[in-house]
There are 2 protein chains.
Amino acid sequence: MAIALADLKVACSTCSLRELCLPVGLTPKQLESLDELVYARRRIAEGESLFHAGDPFRALYAVRSGFFKTRVTTADGRDQVTGFLMAGELLGIDGIGAGQHGCDAVAIEDGEVCAIPYAKLEETARRFEPLQQHFHRVMSREIVRDHSVMLLLGSMRAEEKLAAFLLNLSQRLAARGYSARDFVLRMTRAEIGSFLGLKLETVSRLFTQFQKEGLLSVNRRSVRITNVEELTRRAGLHC
Amino acid sequence: MAIALADLKVACSTCSLRELCLPVGLTPKQLESLDELVYARRRIAEGESLFHAGDPFRALYAVRSGFFKTRVTTADGRDQVTGFLMAGELLGIDGIGAGQHGCDAVAIEDGEVCAIPYAKLEETARRFEPLQQHFHRVMSREIVRDHSVMLLLGSMRAEEKLAAFLLNLSQRLAARGYSARDFVLRMTRAEIGSFLGLKLETVSRLFTQFQKEGLLSVNRRSVRITNVEELTRRAGLHC
DNA sequence: GAGCGCAGTTGATCCAGGTCAAAGCACCCC
DNA sequence: GGGGTGCTTTGACCTGGATCAACTGCGCTC
């Protein structure tokens with residue numbers, strides 16, 4: 001076991017995700033001093049949870065590969081997907097405030113995460129200004145993202161919601177070197193619906209509608225965007 | 001002007017809000033070392049903005065008195081209220097990530113804020129672990145709050161939304177020493193509606209309905225909750 | 001390769017909440 | 001103190017998306 005853990009130990013300085021992840025913007029020298037921060041990688045199989053709401057909070061997790069969703073749940077069992085996370089994005093920030101996680105993080109595709117013990121991150125951030133700054137930026141950006149999701153949930157119509165969702169996904173995939181036009185959805189219609197405040201049937205109908213209108217072609221999980229301009233128009237003003 | 005500013009300088013160590021605000025949980029001695037952090041108070045009249053989306057980010061603002069709303073806006077003019085803030089709560093965190101504010105902060109009642117220059121906060125947080133911890137907790141809690149608003153916007157029915165909103169307001173007022181049962185709404189029906197993803201007419205009708213059902217009595221902005229238990233039931237399960 | 005089960009599609013119908021319109025009411029300013 | 005203005009209430013009607021239900025098709029297991 002000790003050997004296995006040692007094998008899993010990773011170095012931010014040589015990680016292919018360093019341009020997307022927590023150490024973004026650090027110099028190579030600064031990066032090396034960060035290597036001690038990440039404790040170990042952890043594999044998560046599709047359907048498994050990284051943590052649940054209520055679990056004690058100890059570490060943040062940086063997604064190395066795979067696809068995750070976060071979700072909050074009401075007393076009576078309804079739930080709301082609050083985000084989909086891909087490589088380089090940070091999971092678990094919600095746990096800092098209360099000392100326990102406030103949502104579930106579930107793998108919707110086999111993946112791997114880097115565990116960053118929070119106590120150590122805090123300590124390193126005090127000694128190391130660029131890390132502190134970057135960590136604060138990451139948290140702040142999460143708040144900005146949440147606000148734009150609120151805008152989407154509170155003021156957009158179904159068509160606008162799905163268009164905005166697809167464009168956001170497309171951009172994030174493009175930032176990771178994948179095609180912005182051609183991609184495979186990692187989530188079900190029901191998960192997309194939960195995130196957007198719609199029912200799965202509505203999501204399905206919208207995909208069909210967008211296809212009929214020539215904005216994209218879709219077959220189950222595969223999507224090819226064929227008219228980005230019009231899709232952008234649908235997401236935005238649409239007066 | 002120099003004199004006016006000097007007059008406005010405040011000390012966290014003697015502030016009546018220290019149990020609610022950024023320095024919560026610090027010892028009196030620790031508090032004193034925080035006094036240098038807050039630069040000055042600033043008065044904001046009803047209707048005025050503390051900052052707008054796009055403004056360069058320099059400082060966070062702690063609400064001392066009054067009532068604020070934050071809002072994000074789409075290209076085509078629709079907007080979404082993302083929060084209502086009262087004494088002790090922190091405004092402007094959204095600006096850290098991009099170096100410019102991501103939303104508007106508008107006073108919906110005359111009020112006063114303490115400006116906390118962000119560069120100074122960052123620097124103090126590095127030297128001063130309890131402040132760092134507390135600041136991280138505040139940001140994390142904002143994320144948790146946003147997630148619960150997403151749950152509300154995405155999965156609740158109109159009745160549940162308004163009940164949850166009123167109970168939340170009631171609890172936050174109670175935490176500040178005001179009555180939990182009897183309070184005055186600082187915001188219009190339209191602002192409540194924008195926050196909850198409803199139209200103002202729907203909000204108005206729900207108030208009338210709740211009153212008919214004996215959950216509360218309402219007259220314009222004054223609300224008296226007469227049946228907290230039932231209101232809680234409406235906000236939650238309601239199977 | 002038969003059969004099961006889950007994800008997705010599509011149709012028919014319904015209703016919560018939106019829209020449009022018209023008063024009503026408090027407060028402010030001249 | 002009269003008139004305006006902005007907020008709120010209420011009514012009548014409409015519609016976008018939910019709900020209910022049937023069916024399709026892919027992938028997995030045995």
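As the structure is a computational prediction, the values presented were derived from the model and not from experiment. Each chain gets a letter, A, B and so on, in the order the sequences are listed, and its residues count up from 1.
- For DNA chain C, the neighbouring residues in residues 190-202 of chain A, judged by any heavy atom under 4.0 Å, are A/Leu200, A/Glu201.
- A sub-4.0 Å separation between OP1 or OP2 of C/dA7 and a side-chain N or O of A/Ser204 is absent.
- B/Gln209 places its CD atom 13 Å from the P atom of D/dT9, with the value rounded to the nearest Å.
- B/Glu89 places a side-chain N or O within 3.5 Å of a backbone atom of B/Met86 that can act as its donor or acceptor partner.
- Across B/Leu153 and B/Phe195, no two heavy atoms sit closer than the pair CD2-O, 3.5 Å.
- Side chain B/Arg205 to base C/dT19: a donor-acceptor pair is found below 3.5 Å.
- When the salt bridge (Lys or Arg N to Asp or Glu O under 4.0 Å) test is applied to A/Glu142, the partners found at least two apart in sequence or on another chain are A/Arg145.
- Just one residue in the list A/Asn219, A/Leu185, A/Leu215 forms a side-chain contact (heavy atoms from CB on, under 4.5 Å) with A/Phe207, and that residue is A/Leu185.
- B/Ser65 contributes no side-chain N or O that, together with a main-chain N or O of B/Gly111, makes up a donor-acceptor pair within less than 3.5 Å.
- Atom CZ in A/Phe207 sits about 16 Å away from atom C1' in C/dT10, given to the nearest Å.
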### Task
Test A/Phe183 against A/Tyr178 for ring pair (Phe, Tyr, Trp, His ring centres under 6.0 Å), laying out the working first.
CA-CA 8 Å; A/Phe183 49 87; A/Tyr178 299 104; over 10 Å; no
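- Separating the CG atom of B/Leu185 from the P atom of D/dC7 is a distance of 14 Å, rounded to the nearest angstrom.
- Checking side-chain atoms of A/Thr70 against main-chain N and O of A/Ala105 turns up no donor-acceptor pair under 3.5 Å.
- A/Arg157 has its CZ atom 15 Å from the C1' atom of C/dG17, to the nearest Å.
- Taking every heavy atom of both residues into account, B/Leu152 and B/Ala164 meet most closely at CD1-CB, 4.0 Å.
- Atom CD in B/Glu46 sits roughly 12 Å away from atom C1' in D/dG6 (whole-Å rounding).
- Relative orientation of the B/His101 and B/Phe51 rings is parallel, given thresholds of 30° and 60° on the angle between their planes.
- Whole-Å rounding puts the B/Arg189 CZ to D/dT10 C1' distance at 13 Å.
- Atom CD in B/Gln211 sits roughly 15 Å away from atom P in D/dT8 (whole-Å rounding).
- Interface residues of residues 213-221 of chain B facing DNA chain D, ordered by number: B/Arg220, B/Arg221; criterion, heavy-atom separation under 4.0 Å.
- In this structure, the CZ atom of B/Arg234 is 14 Å from the P atom of C/dA16, given to the nearest Å.
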